[in-house]
Number of protein chains: 2
Amino acid sequence: MTNQTVSAGLRTAPRPPASATAWSGDPHGEVDHPVPTCPVEVTLRALRGRWTTLVVRELFAGERTFGDLATALPALSDKVLADRLAQLVTTGVVVRVREPGWPTRVRYSLTARGRALREVLEAMWAWGLGATGAAAPPGGADPVALRG
Amino acid sequence: MTNQTVSAGLRTAPRPPASATAWSGDPHGEVDHPVPTCPVEVTLRALRGRWTTLVVRELFAGERTFGDLATALPALSDKVLADRLAQLVTTGVVVRVREPGWPTRVRYSLTARGRALREVLEAMWAWGLGATGAAAPPGGADPVALRG
DNA sequence: CAGTATCCGGAGAGATACTG
DNA sequence: CAGTATCTCTCCGGATACTG
């Protein structure tokens, strides 16, 4: 994963010369190889890896400690959980707050940006269900989830 | 990646007992480990891998042959291109049509389902831009792209 | 409690060469 | 033209053991 392309009018252009850059010009660069700054790339990178969406899903329900998450996801090893949380912190999805005292306690919760992932996950959920144009359930209360 | 969880009311539940299944019940199972049938999983799998979104982006502009794609994405090897196309075909995003005759010619184009990915990619694009609530550009003509 | 340190095995990406 | 066949190399994901 690595692009930075996008955009471009989607109105079915019937076969430009091949790699034509002939569509209507739009601000996004038309890249011929993956670039890490592409917004789509960025999102894909934030959600990348096994367990990632499950961790996010758990956090959508509220703040959690490392132990809470480990308990909720028994099959997930400490190492991978730590990896995922670190990844989510660096991508700005999660905030990590270490409580003073002993034993050590760390609270993890979604940032505003993390909560904004809901729209993305709903779009993914809708597509994954297989409908061609079916949108998310009206009322928007349902497909909250993440990776389900 | 492998879940099947999702859903669940997102209304900020302030710390259920931990792995509580206590939210309001909704049809989607609350999984504690990745399951391949989860809609979000399905979508993630369809877009997984380097170059995938770039190939889809190329096809959003219209039908392409293997060679067209290879020319448009010079840094992409034949092997990986073939891998990606096969992946996109099995996930129902792309249709492969082999032209009779010689030299061999194969036309690739998006299915209705593949075109439906546009919404997903737009949501990803919007999130990747960093805005918390900023939606896709009005008029919807712009962030067509894929991975950009 | 909340991780980090190692080690290992498998999947995926890329390069190169060959075929229907 | 449109792939397939190999091989290599690197990046995870997972298991186990140890620490602030």
Side-chain angles (χ1 to χ4, degrees), chain A residues 1-3 18-19 32-36 41 44-55 58-59 63-90 94-109 147, chain B residues 1-3 18 32-36 41 44-55 58-59 63-91 94-109 147:
Chain A
M1 292 157 169
T2 63
N3 298 207
S19 68
D32 63 351
H33 85 105
V35 294
E41 262 320 292
L44 250 13
R45 223 180 4 257
L47 297 177
R48 185 165 63 184
R50 213 181 171 194
W51 299 99
T52 307
T53 56
L54 280 181
V55 171
E58 209 58 33
L59 292 174
E63 179 180 283
R64 293 285 187 278
T65 63
F66 188 93
D68 288 340
L69 294 168
T71 302
L73 304 169
L76 177 55
S77 73
D78 286 1
K79 181 216 171 201
V80 176
L81 176 54
D83 284 351
R84 290 299 170 267
L85 287 168
Q87 167 190 336
L88 291 168
V89 168
T90 61
V94 167
V95 227
R96 193 190 116 117
V97 179
R98 178 177 175 158
E99 296 294 313
W102 185 268
T104 310
R105 277 207 140 231
V106 180
R107 299 182 293 115
Y108 290 95
S109 54
R147 174 180 280 233
Chain B
M1 291 160 168
T2 64
N3 299 211
D32 63 352
H33 85 105
V35 293
E41 263 318 292
L44 251 10
R45 222 180 3 256
L47 298 176
R48 185 165 65 183
R50 211 180 171 194
W51 298 100
T52 308
T53 55
L54 280 180
V55 171
E58 209 59 33
L59 293 173
E63 180 180 282
R64 294 285 187 278
T65 63
F66 188 94
D68 288 340
L69 294 169
T71 304
L73 304 168
L76 176 55
S77 72
D78 285 1
K79 181 218 172 201
V80 176
L81 177 53
D83 285 351
R84 292 297 170 267
L85 287 168
Q87 167 190 336
L88 291 168
V89 168
T90 61
T91 52
V94 166
V95 227
R96 193 190 116 117
V97 179
R98 181 180 173 154
E99 296 293 313
W102 185 269
T104 309
R105 275 207 143 230
V106 180
R107 298 182 294 114
Y108 290 95
S109 54
R147 177 187 285 221

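Convention: sequence-line order gives letters A, B, ...; per-chain numbering from 1.
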> Of the options dG14(C), dA2(D), dG20(D), whose atoms approach the side-chain atoms of Trp102(A) most closely?
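Comparing dG14(C), dA2(D), dG20(D) against the side chain of Trp102(A), the answer is dG20(D).
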> Picking from dG13(D), dG12(C), dA2(C), which would you name as closest to the side chain of Thr65(A)?
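The nucleotide sitting nearest to the side chain is dA2(C).
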> Provide, to the nearest angstrom, the distance between the CG atom belonging to Leu54(A) and the P atom belonging to dG14(D).
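Rounded to the whole Å, the gap is 11 Å.
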> Grab the CG-P distance between Leu85(B) and dG3(D) for me, whole Å please.
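Going from Leu85(B) (CG) to dG3(D) (P), I get 7 Å.
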> So, the side chain of Gln87(B) versus the backbone of Arg45(B): is there a donor-acceptor pair under 3.5 Å, distance only?
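Checked: pair present.
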> Side-chain N or O of Tyr108(B) less than 4.0 angstrom from OP1 or OP2 on dC1(D)?
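So the side chain of Tyr108(B) is outside the cut-off, no N or O lying under 4.0 Å from OP1 or OP2 of dC1(D).
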> Watson-Crick or G-U wobble partner for dC12(D), using a 3.5 Å limit on both distances?
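WC or wobble partner is dG9(C).
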> Is Arg107(A) near enough to dA2(C) that one of its side-chain N or O atoms lies under 4.0 angstrom from OP1 or OP2?
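So the side chain of Arg107(A) is outside the cut-off, no N or O lying under 4.0 Å from OP1 or OP2 of dA2(C).
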> To the nearest Å, how far apart are Glu99(B) CD and dA2(D) C1'?
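Rounded to whole Å, this separation is 13 Å.
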> Whole angstrom is fine here: how far is it from CG in Leu76(A) over to C1' in dG13(D)?
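Going from Leu76(A) (CG) to dG13(D) (C1'), I get 10 Å.
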> Take Gln87(A) and Asp78(B), find for each the nucleotide of DNA chain D with the closest heavy atom, and name the residue whose nucleotide sits nearer the 5' end.
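Closest to the 5' end, via its nearest nucleotide, is Asp78(B).
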> Report the nucleotide, chosen from dT4(C), dA2(C), dG3(D), that has the shortest atom-to-atom distance to any side-chain atom of Arg96(A).
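Out of dT4(C), dA2(C), dG3(D), the nucleotide with an atom closest to Arg96(A)'s side chain is dA2(C).
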> With DNA chain C as reference, determine whether Ala82(A) or Pro103(A) sits nearer its 5' end, using the nearest nucleotide of each.
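The residue whose closest nucleotide sits nearer the 5' end is Pro103(A).
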> Taking Arg84(B) for its side chain and Arg50(B) for its backbone only, find out whether a donor-acceptor pair lies under 3.5 Å.
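Yes; judged by distance alone, with no hydrogens or angles, the pair exists.
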> Strictly by modelled atom types, are Thr71(A) and Asp68(A) linked by a side-chain donor-acceptor pair under 3.5 Å?
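Short answer, no.
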> Does the base of dG3(D) carry an N or O that pairs as donor and acceptor with the side chain of Lys79(B) under 3.5 Å?
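When only heavy-atom distances are counted, Lys79(B) does not reach the base of dG3(D) through any donor-acceptor pair under 3.5 Å.
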> If you compare every side-chain N and O of Arg50(A) against the phosphate oxygens of dG14(D) (OP1, OP2), does one of them come in below 4.0 Å?
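The answer is yes; a side-chain N or O of Arg50(A) sits under 4.0 Å from OP1 or OP2.
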> When you measure from the side chain of Arg96(B) to the backbone N and O of Ala86(B), does any donor-acceptor pair fall under 3.5 Å?
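Not a single qualifying donor-acceptor pair exists.
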> On DNA chain D, compare the nucleotides closest to Ala75(A) and Thr104(A); which residue's is nearer the 5' end?
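Closest to the 5' end, via its nearest nucleotide, is Ala75(A).
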> Between atom CD of Glu58(B) and atom CD of Glu63(B), what is the distance when rounded to the nearest 0.5 Å?
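Glu58(B) CD to Glu63(B) CD: 13.0 Å, rounded to 0.5 Å.
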> Below the 4.0 Å mark, does dG13(D) have OP1 or OP2 next to a side-chain nitrogen or oxygen of Arg84(A)?
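Affirmative; the distance criterion is met.
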> Which nucleotide sits closest to the side chain of Arg48(B): dT4(D), dG12(C), dG3(C)?
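For Arg48(B), the side-chain atoms sit closest to dG12(C).
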> Would you compute the distance between atom CG of Leu69(A) and atom CG of Leu59(A) and round it to the nearest 0.5 angstrom?
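Answer for the CG-CG pair, Leu69(A) versus Leu59(A), is 5.5 Å.
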> I need the CZ-C1' distance between Phe66(B) and dG20(C), as an integer number of Å.
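Computing the Phe66(B):CZ to dG20(C):C1' distance gives 14 Å.
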> Look at the side-chain N and O atoms of Trp51(A) and state whether any lies under 4.0 Å from the OP1 or OP2 oxygen of dG14(D).
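Answer is yes, contact under 4.0 Å.
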> In whole angstrom, give the distance that lies between atom CG of Leu69(A) and atom P of dG3(C).
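Rounded to the whole Å, the gap is 10 Å.
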> Nearest whole angstrom, please: distance from the C1' of dG3(C) to the CG of Asp68(A).
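Nearest whole value for this atom pair: 15 Å.
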> Could you state the CG-P distance from Leu81(A) to dT4(C), rounded to the nearest angstrom?
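Interatomic distance, CG of Leu81(A) to P of dT4(C): 11 Å.
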